[in-house]
Amino acid sequence: MEKKSVSLEGKKVIMVPYMEAHVPKYHEWMQDPALLQATGSEPLTLDQEFQMQLSWSQDPRKQTFIVLDKEMVVGDFIHGDPHVEAMIGDVNLYMNDLDDPHMAEIEIMIAEPKSRGKGLGNECVLIMMAFAVENLEICVFRAKIGESNGTSLALFKKLGFKETSYSEIFKEVTLELQVTKPKQEELLHLMGSVLTHA
């Protein structure tokens, strides 16, 4: 599967490929113990973060976008420009289930506290799902969320995800969404109103 470099522009957010220029700010976010816990991440050195960015950008089974708040973009948006000033989080898709190539795990992180509670995460998840349905033939989405992360659990449930299992060891809830025909049409319709910059 050839990995394309695209940016996706919705009403409130622009999702751009995770670039080297984003790493220092991303690394800064990941110094926050609350974000590490919410994302189930280990603290990395800046050097390790640069290595991670490079491996993710080359891995065809991962789609990683940095989320920009459109209101914070300085000047005109240009695809290929990292627009670090507008970074507020990231959204990821992992296609790691070798038994089911049509299943993907989805993650969202709005790292900037001032950008939470504005519906930006909701829009990011919908755009990512629409992109995955149209371009990657994904028809099942899975989200694994720590039980203490009430905001994320509420977001995914609102989008129609259903709880399928709970891990006592990891204190983590797994939710899934099967893309039905009406849901697929809804997502493809949404994709029609998303500007794709390549």
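- Side-chain heavy atoms closer than 4.5 Å link hydrophobic residues (I, L, V, M, F, W, Y) into clusters, and following such links, even through other members, never connects Val140 to Phe161.
- The line from CG of Asp69 to CD1 of Ile88 is 5.0 Å long, rounded to the nearest 0.5 Å.
- Using a 4.5 Å cut-off on side-chain heavy atoms (C-beta onward), Lys70 and Phe77 make no contact.
- Checked for salt-bridge contact, Lys181 and Glu186 miss the test: no charged N lies under 4.0 Å from a carboxylate O.
- With contacts defined as side-chain heavy-atom distances shorter than 4.5 Å, the pair Met95/Lys62 does not qualify.
- Contact annotation: the side chain of Thr45 approaches that of Gln48 to within less than 4.5 Å [non-hydrogen atoms, C-beta and beyond].
- Applying the 6.0 Å contact sphere to NZ of Lys171 captures more than 12 heavy atoms from other residues, nucleotides or ligands.
- Residues Leu159 and Leu155 are in side-chain contact: their nearest non-hydrogen atoms beyond the backbone lie under 4.5 Å apart.
- Taking 4.5 Å as the limit, every side-chain heavy atom of Met109 sits out of range of all side-chain heavy atoms of Asn92.
- Judged purely by distance below 3.5 Å, without hydrogens or angles, the side chains of Glu85 and His83 pair a donor atom with an acceptor atom.
- In this structure, Ile138 and Val179 approach most closely via the heavy-atom pair O-CG2, 4.5 Å.
- For Lys157, the side chain to side chain contact (heavy atoms under 4.5 Å, CB included) criterion is met by Glu163, Leu175, not counting sequence neighbours.
- In this structure, the separation between NZ on Lys144 and OG on Ser165 is 7.5 Å, given to the nearest 0.5 Å.
- The two residues Ala111 and Leu35 have their closest heavy-atom pair at CB-CD1, 3.8 Å.
- Considering every non-hydrogen atom in both Val16 and Pro82, the closest pair reads CG2-O, 4.4 Å.
- With His102 contributing its side chain and Cys139 its backbone, the two residues share no donor-acceptor pair below 3.5 Å.
- We find that Arg142 and Glu105 are not joined by a salt bridge, their nearest charged nitrogen and carboxylate oxygen being 4.0 Å or further apart.
- Thr64 OG1 to Leu93 CG: the interatomic distance, rounded to the nearest 0.5 Å, is 8.5 Å.
- The distance from the OG atom of Ser167 to the CD atom of Glu172 is 6.0 Å, given to the nearest 0.5 Å.
- One hydrophobic cluster, built from ILVMFWY side chains closer than 4.5 Å, cannot hold both Leu44 and Leu54; they sit in different ones.
- Put simply, Ile14 and Leu195 are part of two different groups of oily side chains (I, L, V, M, F, W, Y) that touch within less than 4.5 Å, one to the next.
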Would you sort out whether Ile66 and Met19 count as a side-chain contact (heavy atoms from CB on, under 4.5 Å), showing the intermediate values?
CA-CA 8 Å; Ile66 290 292; Met19 301 173 218; over 6 Å; no
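- With hydrogens and angles ignored, the 3.5 Å screen pairs a side-chain donor or acceptor of Gln31 with a backbone N or O of His27.
- Using modelled atom types and a 3.5 Å distance limit, the side chains of Glu107 and Tyr94 yield a donor-acceptor pair.
- A donor-acceptor pair is defined here as one N or O able to donate and one able to accept, closer than 3.5 Å; no such pair exists between the side chain of Glu134 and the backbone of Met191.
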Worked verdict on Thr151 versus Arg116 for side-chain contact (heavy atoms from CB on, under 4.5 Å)
CA-CA 10 Å; Thr151 308; Arg116 294 180 191 146; over 6 Å; no
Using the rule given for side-chain contact (heavy atoms from CB on, under 4.5 Å), can you reason through Met15 versus Leu68, listing the C-alpha separation, both sets of side-chain angles and the distance that settles it, and then say yes or no?
CA-CA 6 Å; Met15 293 159 43; Leu68 308 178; over 6 Å; no
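- The side-chain heavy atoms of Val23 and Leu46, taken from C-beta on, include a pair separated by under 4.5 Å.
- The distance from the CD1 atom of Ile108 to the OG1 atom of Thr39 is 12.0 Å, given to the nearest 0.5 Å.
- Counting non-hydrogen atoms of neighbouring residues, nucleotides and ligands closer than 6.0 angstrom, the CD atom of Gln37 reaches no more than 12 such neighbours.
- The environment of CD in Glu42 is sparse: at most 12 heavy-atom neighbours from other residues, nucleotides or ligands sit within 6.0 Å.
- Applying the side chain to side chain donor-acceptor pair (under 3.5 Å) definition to pairs two or more places apart or across chains, those involving residues 189-198 are Glu9-His197.
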Quick one: do Asp90 and Tyr26 satisfy side-chain contact (heavy atoms from CB on, under 4.5 Å)? Show the steps, please.
CA-CA 9 Å; Asp90 73 335; Tyr26 189 88; 3.4 Å; yes
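- Looking at Glu147 and Tyr166, their side chains do bring a donor and an acceptor atom within 3.5 Å of each other.
- Put simply, the side chain of Ser55 does not reach to within 4.5 Å of the side chain of Phe50, judged on heavy atoms.
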Quick one, Lys25 with Glu49, criterion salt bridge (charged side-chain N to carboxylate O under 4.0 Å, His left out). Give me CA distance, side-chain angles, the key distance, then yes/no.
CA-CA 11 Å; Lys25 177 125 181 219; Glu49 210 77 76; over 6 Å; no
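- Inter-residue side-chain proximity for Pro17 and Ser57 is flagged as unmet; no heavy-atom pair is nearer than 4.5 Å.
- In the hydrophobic cluster analysis, where Ile, Leu, Val, Met, Phe, Trp and Tyr join through side-chain heavy atoms closer than 4.5 angstrom, Ile145 is grouped apart from Met103.
- For Phe65 and Phe131, the ring centers are positioned less than 6.0 Å apart.
- Closest non-hydrogen pair, Gly89 versus Trp29, comes out as N-CH2, 3.1 Å.
- Once rounded to the nearest 0.5 Å, the distance linking CD of Gln58 with CD of Gln53 reads 8.5 Å.
- Scanning all heavy atoms of the two residues, the minimum distance from Leu190 to Ala130 falls at CD2-CB, 4.1 Å.
- In terms of heavy atoms, Asn96 sits closest to Arg61 at OD1-CB, 4.1 Å.
- Both Leu8 and Met72 sit in one connected hydrophobic cluster of ILVMFWY residues. Membership requires side-chain heavy atoms under 4.5 Å apart, directly or through other members.
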